[in-house]
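Contents: one structure, followed by commentary.
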Amino acid sequence: MKKIIGYTLMAVLTVGFVACSSDDDKTPAVPVEKTEVHVLNVDVVLPASVQDEWQLTIDMAMDNIKQAQAKLKRQVKLNLRYHDEDTEDLDVLAYNLTHPKEGDDTCHAIIGPYHSSNAMTFLKYAWQQRLPVVMPSCTSAELQRINARETYAWFLTESDITQCEIMLAAAKTVGYKEVILVYSDDNYGKSFFDWFPYYANEQGVKLSATVAYQQGMDLTSVMKQVASQSHETQLLLCAALSDASLYLDVCDQAAEFFELNADDMYAMFTPLCADTSLDEYITQGNERSENFRMGITPYCSPSFGFPQVLYGKRFRNPTVGEAQMYDALTIIALGAAHQMANGDRCIVNGQQVAYNEKPFGPGLTDHMRAVVCNRTATPTSWSGTSLAVAFNYLALGLDIDVTGASGSLIFDQETSTKVLNSTYMIWELRMEDHTDEGGGYVSTVDPLIYLSTSGSNTESSTTALWAQQKKNMQQFDDTPVSVTLPDVTDHWAVVISPSTSWANYRHQADAFAMYQTLRRHGYDDDHIVLIVEDNLANDERNAFPGKIYVERSSNPRETDPLVNDDVRQGAVVDYHFSQLTRDDLADIMLGRQSDRLPQVIHSTETSDVFFFWSGHGGNGEGPLWGNEDARGYGTTRIKAIATDMAAQQKFRRMMFSIETCFSGLWGEALKGVPNVLVMTAATGYETSKADVHDNELGTFLSNAFARTFRRQVNANNAVTIYDIYRELFRTTTGSHVSIYNQEHYGSVYTETMRDFFPR
């Protein structure tokens, strides 16, 4: 196996001689023991200006790492090689670092890049060698979601998703009960559009309106409508915009609205702006900034001393990502020390690391994971003295519990490479007008409060996510529906994915996986109508021609029957989606067979019918008939189908399982139809999130809702509806799995999934 440690420098440390050497003095020198210095090449990718700003912190980390190992016989040395993120060809650089030519020095780890927009350039090459890429400041929600299950991708700051939680936690903390979200109509703003409704629900804060903001847009009508319908006089305007000038526009409009309407008792809108608002255009004395109120930015915990030490050395506070840069250097060094001491023995979360593809054994990134995953071992911190304890314990083969300069380094359980807690500073911009004195506007960024997802002595803790979820789970009436059902005689299923593009691979993959699950539980092809475009297996972008995967894993212990299996194999596709019209679905469900629609379901009053739909959904529309740019199928249509089937006694029981954004709209529409249960991945105002990304295929393979659903059914087809709902609710991130119409179906505590998965 190729070791990640590059080469060994045998250094003879001479601390003194018996006498000075001369021609007349032949007394030999007495050397001390040889010290092994294992050198790692660490390539640092930052804008030159950021490197200059962080250099003191980098030097402090390097000095502490060196001094902490001064008494050890085997030491780690980081050889930092800098690259300017703003000027280098990053694609060429990333490829060369991850694919060194013969004779080139091996890159053992990458720190950076600084900007989220550049990170995927490095990650797309690093995955093949599992080369650790440690990112101090990349917060893109999409980037972190794509790499959520990768063991080489290290995120030391939580994603923009957490800002939604923190902003709403702050709103609730200071008494705001209603908020408006104004977001930029771009990739940055999309994270807030996707996640703000979810966290508003979690925090119990009313989200009164969402606005996709563009330069020059007039917000007056939105503010007037919200203010007139609200009983609150103080409303929070949460702004998540990608440009500083947009923040000033929005803040100006909020101030002007109140000034013009104060006599009419309209509400006052206080702006709270996301991390991109910490911009020199706003903070460095711009006279328009006088209407700017509050901003939020990822920071480092004051509880652990790093800001105080840096201020003592440089008389300034840390900038965004600076403490995380310190942590990146120390985690790499500690991981290398762990590798020196343990070799191929590498225990992460109680299991020996192994892979079923090359390289099979653990590498540097895995030993870094082994260092940070222990929460019950000897506590150590980022300071030089404490690092000495850490390196000594690792040299003895013992575990440590690491705390960083940024705060408590609590990482996710699945990969141990994604920080689960970050500290956020909510700050206020204090403006002073010195124009009369010839000094212009002077601004000061004053911290108001520190918030984190873990909490500590000086931070207010947001409530744990799971505790919120338990609080917000649906409550169900345990009274069974008083209706006598006939014995079931047969089972029918309709599985549909309306998506047709490669970017929507996951929707068709989930449909094929559900087909395989149905076959596994007793359905034959004559009783399943499978509707997919089936254009992915032979797509030129498919790295596995002819095959479709719903999940791939390099973990040899994986037991899920669909992981690493071709879910398209043996599947009988009845209709390509593009062959059908909206009206055809009703004919298929109601059994209206024709030459054009030869495969329909022939269900009766003794049939149980399962309906699965995986695709996109639209705000206010529900599931879409096609890709993201398609129109909605319509709540009226789906209700008409269910109502007609009930009237014509076309089912004994029927379940709708809907995996789309805003899928709860169908749940609302189907209320009142007897013996119908609807389970949706999201409420009627939330987006649903993709779950499993694959770097080799370059796309998501599955959605969280569909993935957990099939795993629960495959593990136990007699699982109760409540138990599967509870597990779906717990594991589906970013939306609230919901059940509709249970009062017309039966007790969720006693009825099971065996009605639809009989074997």
Side-chain angles (χ1 to χ4, degrees), residues 46-47 49-50 85-86 90 112-121 135-146 155 157-168 170 179-199 207 209-219 222 236-254 269-284 286 288-289 291-299 319-321 422 424-427 429 443 445 619 628 687 689 734:
L46 298 171
S49 58
V50 174
E85 186 174 346
D86 290 340
L90 298 184
Y114 182 77
H115 297 291
S116 294
S117 56
N118 295 328
M120 204 61 205
T121 303
M135 293 160 282
S137 57
C138 291
T139 61
S140 162
E142 186 70 5
L143 182 70
Q144 294 202 18
R145 198 155 58 95
I146 286 173
F155 293 94
T157 303
E158 289 184 273
S159 76
D160 295 328
I161 296 168
T162 308
Q163 282 201 74
C164 298
E165 180 186 8
I166 293 292
M167 292 174 87
L168 284 158
V179 299
I180 294 177
L181 172 65
V182 179
Y183 62 95
S184 52
D185 195 9
D186 54 23
N187 286 336
Y188 176 78
K190 185 178 185 299
S191 295
F192 292 84
F193 169 75
D194 283 344
W195 290 87
F196 220 79
Y198 173 82
Y199 280 113
L207 181 57
T210 58
V211 182
Y213 188 77
Q214 295 179 340
Q215 188 83 49
M217 180 180 289
D218 188 353
L219 296 175
V222 174
L236 197 65
L237 192 155
C238 294
L241 306 166
S242 53
D243 185 83
S245 63
L246 298 181
Y247 281 112
L248 294 183
D249 287 345
V250 169
C251 292
D252 288 348
Q253 289 197 55
F269 292 88
T270 300
L272 173 62
C273 302
D275 60 331
T276 47
S277 62
L278 193 61
D279 187 283
E280 289 187 358
Y281 183 69
I282 295 174
T283 61
Q284 296 302 311
N286 188 319
R288 287 187 62 203
S289 300
N291 291 327
F292 192 96
R293 297 299 176 89
M294 295 182 292
I296 180 172
T297 189
Y299 201 59
T319 58
V320 175
S422 294
Y424 290 80
M425 176 178 67
I426 299 179
W427 48 273
L429 191 66
S443 60
V445 175
N619 192 0
E628 303 99 312
T687 59
K689 313 302 188 295

Starting from the C-alpha separation in whole Å, work towards a yes-or-no answer on side-chain contact (heavy atoms from CB on, under 4.5 Å) for Ser49 and Tyr114.
-> CA-CA 11 Å; Ser49 58; Tyr114 182 77; over 6 Å; no
Is the shortest heavy-atom distance from the side chain of Ser277 to the side chain of Trp427 under 4.5 Å?
-> yes
So how far is it from Leu219 CG to Leu237 CG, rounded to the nearest 0.5 Å?
-> 7.0 Å
Please determine, by modelled atom types, if Glu142 and Asn187 share a side-chain donor-acceptor pair under 3.5 angstrom.
-> no
Do you know the tightest heavy-atom contact between Ala274 and Met167?
-> N-CE, 4.1 Å
Kindly write out the residues that satisfy salt bridge (charged side-chain N to carboxylate O under 4.0 Å, His left out) with Asp249, not counting sequence neighbours, or none if the list is empty.
-> Arg288
Considering only heavy atoms from C-beta outward, does the side chain of Leu248 approach that of Asn291 to under 4.5 Å?
-> no
Hits for side-chain contact (heavy atoms from CB on, under 4.5 Å) against Ser242, two or more places apart or cross-chain, chain-then-number order -> Ser184, Asp186, Tyr188
Would you please name every residue forming a side-chain contact (heavy atoms from CB on, under 4.5 Å) with Arg293, sequence neighbours left out?
-> Met268, Thr270, Pro271
Heavy atoms of Tyr213 and Leu241 approach each other most closely as CB-CD2, 4.1 Å
Heavy atoms, side chains only, cut-off 4.5 Å: are Leu429 and Val445 in contact?
-> yes
Under 3.5 Å donor-acceptor, Thr139 side chain and Asp160 backbone = no
Pairwise distance CE(Met120) to CD1(Ile146) - rounded to 0.5 angstrom = 5.5 Å
Can you check whether Pro113's main-chain N or O pairs, donor with acceptor, with Glu85's side chain at less than 3.5 Å?
-> no
Report the residues that fulfil side chain to side chain donor-acceptor pair (under 3.5 Å) with Ser245, sequence neighbours left out, ordered by chain and then residue number.
-> Asp243
Please report the closest heavy-atom contact between Thr276 and Asp279, naming both atoms and the distance.
-> O-CB, 3.8 Å
State whether the side chain of Thr157 and the backbone N or O of Ser137 hold a donor-acceptor pair below 3.5 Å, judged by distance alone.
-> no
Donor-acceptor contact present, side-chain Gln163 to main-chain Pro298, <3.5 Å | no
Please step through side-chain contact (heavy atoms from CB on, under 4.5 Å) for the pair Ile161 and Tyr198, ending with a clear verdict.
-> CA-CA 10 Å; Ile161 296 168; Tyr198 173 82; over 6 Å; no
Spatial distance of atom SG (Cys164) from atom OH (Tyr199) [nearest 0.5 Å] | 8.0 Å
All side chain to side chain donor-acceptor pair (under 3.5 Å) counterparts of Glu158, not counting sequence neighbours = Thr162, Thr453
Kindly indicate, with the supporting measurements, whether the criterion side-chain contact (heavy atoms from CB on, under 4.5 Å) is fulfilled by Val182 and Met217.
-> CA-CA 11 Å; Val182 179; Met217 180 180 289; over 6 Å; no
Mind checking the OH-SG spacing from Tyr183 to Cys238? Nearest 0.5 Å is all I need.
-> 14.0 Å
Of the non-hydrogen atoms in His115 and Pro47, which two are nearest, and what is the gap between them?
-> NE2-CG, 4.0 Å
What residues, two or more places apart in sequence or in another chain, satisfy side-chain contact (heavy atoms from CB on, under 4.5 Å) together with Thr687?
-> Phe193, Asp194, Cys661, Phe662, Lys689
To the nearest 0.5 Å, atom CZ of Phe292 lies from atom CD1 of Ile282 at 4.5 Å
Ser116 (side chain) donor-acceptor with Ser140 (main chain) under 3.5 angstrom | yes
Do you know which two heavy atoms are closest between Ala141 and Ser159, and how far apart they sit?
-> CA-CB, 3.9 Å
Heavy-atom count around Glu628 CD within 6.0 Å, excluding the residue itself: above 12?
-> yes
Say you draw a straight line from OH of Tyr424 to OG1 of Thr297; how long is it, rounded to the nearest 0.5 Å?
-> 9.0 Å
